[in-house]
Protein chains: 2
Amino acid sequence: MTEHEEIVLFSKALQDENRLQILEMLQSGEKCACKLLENLCIEQSTLSHHMKILCKCGLVHWKKVGKWMHYSINNEGTKRAMILFQKLTHVLNPLQPTSSPTKSFTTCGCEKQERPLL
Amino acid sequence: MTEHEEIVLFSKALQDENRLQILEMLQSGEKCACKLLENLCIEQSTLSHHMKILCKCGLVHWKKVGKWMHYSINNEGTKRAMILFQKLTHVLNPLQPTSSPTKSFTTCGCEKQERPLL
DNA sequence: CCAACATATTGATGAATGTCAATATGAAAT
DNA sequence: ATTTCATATTGACATTCATCAATATGTTGG
């Protein structure tokens, strides 16, 4: 899986309000599905679907205890997501647009970009 | 806008492979739409659509220069996304499941959770 | 074994999303 | 003014997604 594909997985997991509420509930520690369900306005099958998405991307850890499923935030996963996002958006030694005249362009100017003298 | 709604906006922006490629291109500095388009396998109207999404959520900054539109990564936006994600997933003083017997449950055990003695 | 309970899976449905072609807008050059 | 070029908007279409009801799986207790 490429890094972009990983970011896409994480992002899809975080784009739903119910899943964000689930993550927030897990901040205070491990919870079973029934407890999560109590605090959400969705059906059981929908919760199961959300948990699958949260687990599959690595943000949430799961553990079967008897007939209950216990979920908790997976710190490895959240760290990984953070690192990938940082890597994607951190601007490093950016090319600067040359201070062009304010009038009369014939090109967009991207070709004229130059590295700053560090 | 709630913090969750902000996270949803950021996440939706990051869930598309083409938009991730665009962000990666912007890492090396400001680019005009035409340069971005050269390196993507999408039509111009689709690029315009993607840029709207990236700008609207705050991850990308835009600047009109003559007839060209110049885009760059908005560090305020990326910082904000990072902070919100960290806030959402950071486990603070979590409740611990009590070390329960391995057999014979009648409840999921969530009620028995207790704070660790710090 | 059987009943009760917790969770997962399946199938259907409506809403959201990415894409393109066509068209519109807006700015610079002639 | 008119043409040309860069970008934005619109409308249509296929795909993906969240949701629920119904059903299946799997575990515990009787």
Side-chain angles (χ1 to χ4, degrees), chain A residues 4-5 8-22 30-57 60-72 100-111, chain B residues 4-5 8-22 30-57 60-72 100-111:
Chain A
H4 281 191
E5 283 167 347
V8 167
L9 264 194
F10 284 130
S11 301
K12 286 190 175 180
L14 294 174
Q15 93 191 145
D16 181 87
E17 168 65 26
N18 283 313
R19 289 197 287 270
L20 295 184
Q21 282 187 38
I22 291 167
E30 192 174 301
K31 298 271 180 311
C32 77
C34 55
K35 284 293 150 197
L36 295 173
L37 194 55
E38 277 177 17
N39 295 291
L40 295 166
C41 298
I42 55 176
E43 296 303 311
Q44 179 269 323
S45 61
T46 304
L47 174 64
S48 187
H49 170 242
H50 286 314
M51 296 319 297
K52 202 172 179 178
I53 290 169
L54 285 170
C55 291
K56 232 172 192 171
C57 75
V60 166
H61 179 256
W62 69 97
K63 185 172 75 179
K64 186 132 194 173
V65 182
K67 50 182 171 179
W68 294 276
M69 191 65 94
H70 284 214
Y71 298 104
S72 55
S100 349
T102 26
K103 288 190 158 198
S104 284
F105 299 106
T106 49
T107 76
C108 62
C110 286
E111 300 80 2
Chain B
H4 280 190
E5 283 167 347
V8 167
L9 262 194
F10 283 129
S11 302
K12 287 190 175 179
L14 294 174
Q15 94 194 137
D16 181 86
E17 168 64 27
N18 283 313
R19 288 197 289 268
L20 295 184
Q21 282 187 38
I22 290 167
E30 192 177 301
K31 299 272 182 307
C32 77
C34 55
K35 284 293 148 196
L36 294 173
L37 194 54
E38 277 178 16
N39 296 292
L40 295 166
C41 297
I42 55 176
E43 295 303 311
Q44 179 270 322
S45 61
T46 304
L47 175 63
S48 187
H49 170 243
H50 286 314
M51 298 319 297
K52 202 172 178 178
I53 290 169
L54 286 170
C55 291
K56 233 172 190 171
C57 75
V60 166
H61 179 255
W62 69 97
K63 185 172 74 180
K64 185 131 195 174
V65 182
K67 50 182 170 177
W68 293 276
M69 191 65 93
H70 284 215
Y71 297 103
S72 55
S100 350
T102 26
K103 288 190 158 198
S104 285
F105 298 107
T106 49
T107 75
C108 63
C110 286
E111 299 80 3

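Chain A is the first sequence line, chain B the second, and so forth, proteins listed ahead of strands; every chain is numbered from 1.
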In terms of side-chain heavy atoms of [X], which of [options] is nearest?
X     : options                : answer
A/S45 : D/dT19, C/dA8, D/dC20  : D/dC20
B/I53 : C/dA16, C/dG18, D/dA18 : C/dG18
B/H49 : D/dT9, D/dA18, C/dG18  : C/dG18
B/E43 : D/dC20, C/dC20, D/dT28 : C/dC20
A/T46 : C/dT7, C/dT19, D/dT19  : D/dT19
B/S48 : D/dA18, D/dT9, C/dA8   : D/dT9
A/K12 : D/dA6, D/dT16, C/dT9   : D/dT16

- Note on the structure: Of A/A33 and B/R19, the one whose closest nucleotide on DNA chain C sits nearer the 5' end is A/A33
- Task: Would you mind telling me which residue lines up with the more 5' stretch of DNA chain C, A/Q15 or A/Y71, judged by nearest nucleotide?
- Result: A/Y71
- Task: Decide yes or no, distance alone: a donor-acceptor N/O pair under 3.5 angstrom between the base of C/dA8 and the side-chain of A/Q44.
- Result: yes
- Query: Looking across every strand, which nucleic acid part, if any, lies under 4.0 Å from B/H50 by heavy atom: base, sugar-phosphate, or nothing?
  - Reply: sugar-phosphate
- Message: At 4.0 Å (heavy atoms only), tell me whether A/I42 reaches a base, stays on the sugar-phosphate, or touches nothing.
- Response: sugar-phosphate
Just the rounded figure in Å: distance from [atom2] of [N] to [atom1] of [X].
X     : N      : atom1 : atom2 : result
B/E17 : C/dT17 : CD    : C1'   : 16 Å
B/K56 : C/dA16 : NZ    : P     : 14 Å
A/Q21 : D/dA18 : CD    : C1'   : 14 Å
A/W68 : C/dA8  : CH2   : P     : 14 Å
B/E38 : D/dT7  : CD    : C1'   : 15 Å
B/L40 : C/dG18 : CG    : P     : 14 Å
B/M51 : D/dA8  : CE    : P     : 9 Å
A/L47 : C/dT7  : CG    : C1'   : 9 Å

- Closest non-hydrogen atoms of B/C32 and B/H70, given as atom of the first, atom of the second and distance, are CB-CD2, 3.7 Å
- Query: Is there a donor-acceptor pair closer than 3.5 Å between any side-chain N or O of B/H61 and the backbone N or O of B/E30?
  - Reply: no
- Task: For B/M51 and B/Y71, run side-chain contact (heavy atoms from CB on, under 4.5 Å): C-alpha distance rounded to whole Å, both residues' side-chain angles, the deciding distance at 0.1 Å, then the answer.
- Result: CA-CA 8 Å; B/M51 298 319 297; B/Y71 297 103; 3.5 Å; yes
- Message: Can you see if the side chain of B/K52 gets near the phosphate of D/dT9 - specifically, an N or O under 4.0 Å from OP1 or OP2?
- Response: yes
- Task: Compare side-chain N and O positions of B/K64 against OP1 and OP2 of D/dT7 and report whether any pair is under 4.0 Å apart.
- Result: no
- Message: Test side-chain contact (heavy atoms from CB on, under 4.5 Å) on B/H50 and B/I42; report intermediate values, then the result.
- Response: CA-CA 10 Å; B/H50 286 314; B/I42 55 176; 3.8 Å; yes
- Message: My understanding is that only one of B/L9, B/V8, B/L14 makes a side-chain contact (heavy atoms from CB on, under 4.5 Å) with B/K12; could you say which?
- Response: B/V8
- Message: Are the side chains of A/Q44 and A/L37 in contact, using a 4.5 Å heavy-atom criterion?
- Response: yes
